[in-house]
Amino acid sequence: MENFETDYLVIGAGAMGMAFADSLFDERPDAHITLVDRRHRPGGHWNDAYSFVRLHQPSAFYGVNSRELATGAVDEVGTNRGLHEMASGQAVLDHFDQLLRQKLLASGRVRFLSMTEHAGIDGQGRQLLRSLLDGAEIAVSVRRKVVHATHTGTEVPATHAPRYQVAAGIHCVPINALPRLASPHARYTVVGSGKTGIDACLWLLQNGTDPSRIRWVMPNDAWFLDRANVQPGAEHLPRFFGSLAAQFECVAEAESLDDLFMRLESAGQLLRLDPSVRPTKYRCATVTTQELAELRRIGNILRMGRVRSITPGQLSLDQGKADVLPGELFIDCTACGIPLQAPIPVFEDDAAIHLQYVRQCGPSFSAAFIAAVEARVAGGAAEKNAMCRPVPHPRDEAGWVTMQAITLANRQAWARHPGLMDWLENSRLDYATRARHQLAPEVMERYVRAVKAAAPRLPALLAACRPESRERVPEPAC
């Protein structure tokens, strides 16, 4: 059995594993890092995504800290026109692959074991790795810490089986299959209302499908962020910080959870698909007003809960049944994306690190920042965990409030640590801190006032969220 030593063993080379490794590489120039992944190249779930997938945020906010993913281009066509580019899935994969080859491996300080899984711990306390190709095992002695980069457990349609029954003869495919369609179908039913479902609907519309031939199964309507509010660049700074201030002003003035979300919508901070339907879900999804206009062309939306089974002639849902046409195509978009996971301490004694979000909706930033905490915060796990309270990925309105409260508490802790503030001031991934010095004083003053006013209101809003009285469609156990 082969065996070797390393300082940090990073299990998982997806977005968070790569962002952590990149930041730690720069912060700890004496450290040897080993990356291990079940896939043949870095990039995690991006390797399994559909061919037309793109980021749902500007490229400037994603990727690793040490190199740009964005080119600075502004889209001139399409439903994102006028806004900064969002990288394609292939561009994201190239970003991680180039980092691995041009920086990490070229240094001699990093080893990458592809097509390899973590297989446990042997009797000598060494980490066991196993090749998925020939079953050969490797024993790794870790001098510092094991870094678990798979806690979020991202799911995508290509690697996820539908959680409903599909009878023989029913045409049901993951979204990945859409570009390979070779013949028309009587109707296209998109199952799932998250980011992937949106992408499927937009793809069908943009490729000329008549909206009357599209049906959309939407168990819960969702609130969306207006992507125009979260744009990089000096010209967008007033709106970027104005948006943040407006959200905190809504928190400070809200009398209840319902009131909060009505205020957020009135202030232009949240959007909804149908003005007559009150959303209950929130998952950090961004849209443009042009995308909403396209989606509103779809008139056949089933709001009867989740699909339970599809049989010839009948679609069974939680709250009723619908017809199935001969030759109908069902497009499965029900993978959880980021499943609901119970938060655990990021730093486990002096032995392990569990990568999780420490800032709202920011996987790349969170992983890179945790590496900075590992390198710059003296003391043990307690001191480091005080800087890294996990931020659960939101699922609903209560999750929005929880996300804001923990992110704000984390930021207040970071502000008291000069070494972390220095890192944030120079971080490509923390646009708000890095760019705030370019902001007009009156905009920054409004933002600071809003944060101070909102902070005392968050505990009361959180208390009102538990338990929620509003009746909702049950979420899947994922």
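Quick caveat: nothing in here was measured; it's all calculated off a predicted structure. For the single chain, residues carry numbers from 1 onward in sequence order.
For the side-chain hydrogen bond (donor to acceptor under 3.5 Å, both in side chains) criterion with R227, the lone passing option out of Q290, E291, H84, Q57 is E291.
A donor-acceptor pair is defined here as one N or O able to donate and one able to accept, closer than 3.5 Å; such a pair exists between the side chain of W414 and the backbone of M387. Between the side chain of Q247 and the main chain of L264, no donor-acceptor pair closer than 3.5 Å is present. Judged by distance alone, with hydrogens and angles left aside, the side-chain atoms of R54 form a donor-acceptor pair with the main-chain N or O of M86 at under 3.5 Å. T6 contributes a side-chain N or O that, together with a main-chain N or O of H32, makes up a donor-acceptor pair within less than 3.5 Å. No donor-acceptor pair closer than 3.5 Å links the side chain of R434 to the backbone N or O of Y431. A donor-acceptor pair under 3.5 Å is absent between the side-chain atoms of N220 and the main chain of T280, judged by distance alone. Between the side chain of Q206 and the backbone N or O of W203, no donor-acceptor pair lies under 3.5 Å. The main-chain N or O of V358 is found under 3.5 Å from a side-chain atom of S366 such that the two form a donor-acceptor pair. Not one N or O on the side chain of R38 forms a donor-acceptor pair closer than 3.5 Å with the backbone of T116. The closest donor-acceptor contact from the side chain of S193 to the backbone of M218 lies at 3.5 Å or more, if one exists at all.
Taking both residues in full, the closest heavy atoms of G43 and F96 are given as CA-CD1, 3.8 Å, listed atom of the first, atom of the second, then distance. Nearest heavy atoms, E397 versus P279: OE2-O, 3.1 Å. The minimum heavy-atom distance between N229 and R239, with the atom names listed, is OD1-NE, 2.7 Å. When all heavy atoms of C388 and V346 are compared, the pair lying nearest together is O-CG2, 3.5 Å. Considering every non-hydrogen atom in both G63 and L69, the closest pair reads N-CD2, 4.5 Å. L35 and M18 make their closest contact through CD1-SD, 4.0 Å (heavy atoms, listed as atom of the first residue, atom of the second, distance).
In this structure, R436 forms no cation-pi arrangement with F241, as its terminal cationic atom is not both closer than 6.0 Å to the ring centre and no more than 45° off the ring axis. With a 6.0 Å cutoff to the six-membered ring centre and a 45° limit on the axis angle, R111 counts as a cation-pi contact of F4.
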### Message
Pair L429, F369 - check side chain to side chain contact (heavy atoms under 4.5 Å, CB included), show working.
### Response
CA-CA 9 Å; L429 294 171; F369 180 78; over 6 Å; no
### Task
Given salt bridge (charged side-chain N to carboxylate O under 4.0 Å, His left out), test D350 with R144 step by step and report yes or no.
CA-CA 8 Å; D350 291 323; R144 295 187 182 178; over 6 Å; no
### CA sep, side-chain torsions, deciding dist, call: N410, R359, side chain to side chain donor-acceptor pair (under 3.5 Å)
CA-CA 8 Å; N410 279 347; R359 188 187 74 184; over 6 Å; no
### Task
Output, in order, the C-alpha distance, side-chain angles, deciding distance and verdict of side chain to side chain donor-acceptor pair (under 3.5 Å) for E348 and H148.
CA-CA 11 Å; E348 180 188 344; H148 298 277; 5.5 Å; no
### Query
Hey, mind stepping through D396 and R283 against salt bridge (charged side-chain N to carboxylate O under 4.0 Å, His left out) and telling me if it holds?
CA-CA 7 Å; D396 54 19; R283 296 295 295 273; over 6 Å; no
### Query
How far apart are the C-alpha atoms of W223 and Y282, what are their side-chain angles, what is the distance that settles it, and do they pass the ring pair (Phe, Tyr, Trp, His ring centres under 6.0 Å) test?
CA-CA 5 Å; W223 292 107; Y282 177 82; 8.9 Å; no
### Residue pair K103, D22: steps toward the salt bridge (charged side-chain N to carboxylate O under 4.0 Å, His left out) verdict
CA-CA 9 Å; K103 176 181 177 179; D22 170 71; 2.8 Å; yes
### Task
Please assess Q360 against H393 for the test side chain to side chain contact (heavy atoms under 4.5 Å, CB included), listing each intermediate value before the final yes or no.
CA-CA 7 Å; Q360 61 190 65; H393 192 70; over 6 Å; no
### Task
Could you please spell out the steps behind the side chain to side chain donor-acceptor pair (under 3.5 Å) verdict for T433 and D430?
CA-CA 6 Å; T433 303; D430 191 27; 2.5 Å; yes
### Query
Please walk me through it: do L461 and W400 pass side chain to side chain contact (heavy atoms under 4.5 Å, CB included)?
CA-CA 11 Å; L461 285 171; W400 187 94; over 6 Å; no
### Task
Start with the C-alpha gap between D349 and K145, add the side-chain angles, then the distance that decides, and say whether salt bridge (charged side-chain N to carboxylate O under 4.0 Å, His left out) holds.
CA-CA 10 Å; D349 300 324; K145 293 179 182 177; over 6 Å; no
### Message
Is there a side chain to side chain contact (heavy atoms under 4.5 Å, CB included) between L83 and D75? Walk through the geometry before answering.
### Response
CA-CA 6 Å; L83 302 181; D75 286 339; over 6 Å; no
### Query
Going through the checks in order, is the side chain to side chain donor-acceptor pair (under 3.5 Å) test met by R28 and Y8?
CA-CA 11 Å; R28 286 270 171 88; Y8 291 88; 2.5 Å; yes
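In summary, the side chains of T159 and D48 do not present any donor paired with an acceptor at a separation below 3.5 Å, with no hydrogens or angles considered. Checking N65 against S23 by side-chain atom types alone, no donor-acceptor pair falls below 3.5 Å. Checked by atom type, the side-chain pair E68/H95 shows no donor-acceptor distance below 3.5 Å. Checked by atom type, the side-chain pair Q102/R67 shows a donor-acceptor distance below 3.5 Å. In this model, a donor atom of one side chain and an acceptor atom of the other lie less than 3.5 Å apart for S131 and D134.
Within the model, atoms CG of L178 and CG of L329 stand 7.0 Å from one another, a figure rounded to the nearest 0.5 Å. Here the straight-line distance linking atom CD of E294 with atom OG1 of T288 works out to 9.5 Å at 0.5 Å rounding. Rounding to the nearest 0.5 angstrom, the gap separating the CZ atom in R428 from the CZ atom in F61 is 10.0 Å. Note that CD1 of I138 and CD of E2 are 4.5 Å apart. Values are rounded to the nearest 0.5 Å. How far CD1 of I33 is from CZ of F20: 7.5 Å, rounded to the nearest 0.5 Å. Between atom OG1 of residue T34 and atom CG of residue L129 there is a gap of 8.0 Å, rounded to the nearest 0.5 Å.
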Sequence neighbours left out, cut at 3.5 Å: what donor-acceptor pairs do the side chains of residues 195-202 make with other protein atoms?
from: D199; atom 1: OD1; to: H56; atom 2: NE2; distance (Å): 3.3
from: D199; atom 1: OD2; to: Y50; atom 2: OH; distance (Å): 2.6
from: D199; atom 1: OD2; to: H56; atom 2: NE2; distance (Å): 3.4

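E76 CD: 12 or fewer foreign heavy atoms inside a 6.0 Å radius.
Between D37 and H118, every side-chain heavy-atom pair lies at or beyond the 4.5 Å cut-off. By the 4.5 Å heavy-atom criterion applied to side chains, I370 and I353 are counted as neighbours. In this structure, F224 and R272 have side chains that are not in contact, with every pair of non-hydrogen atoms separated by 4.5 Å or more. In this structure, the side chains of V448 and F248 stay at 4.5 Å or more apart for every pair of heavy atoms.
One finds a salt bridge joining D7 and R143 here, because a Lys/Arg side-chain nitrogen approaches an Asp/Glu carboxylate oxygen to under 4.0 Å.
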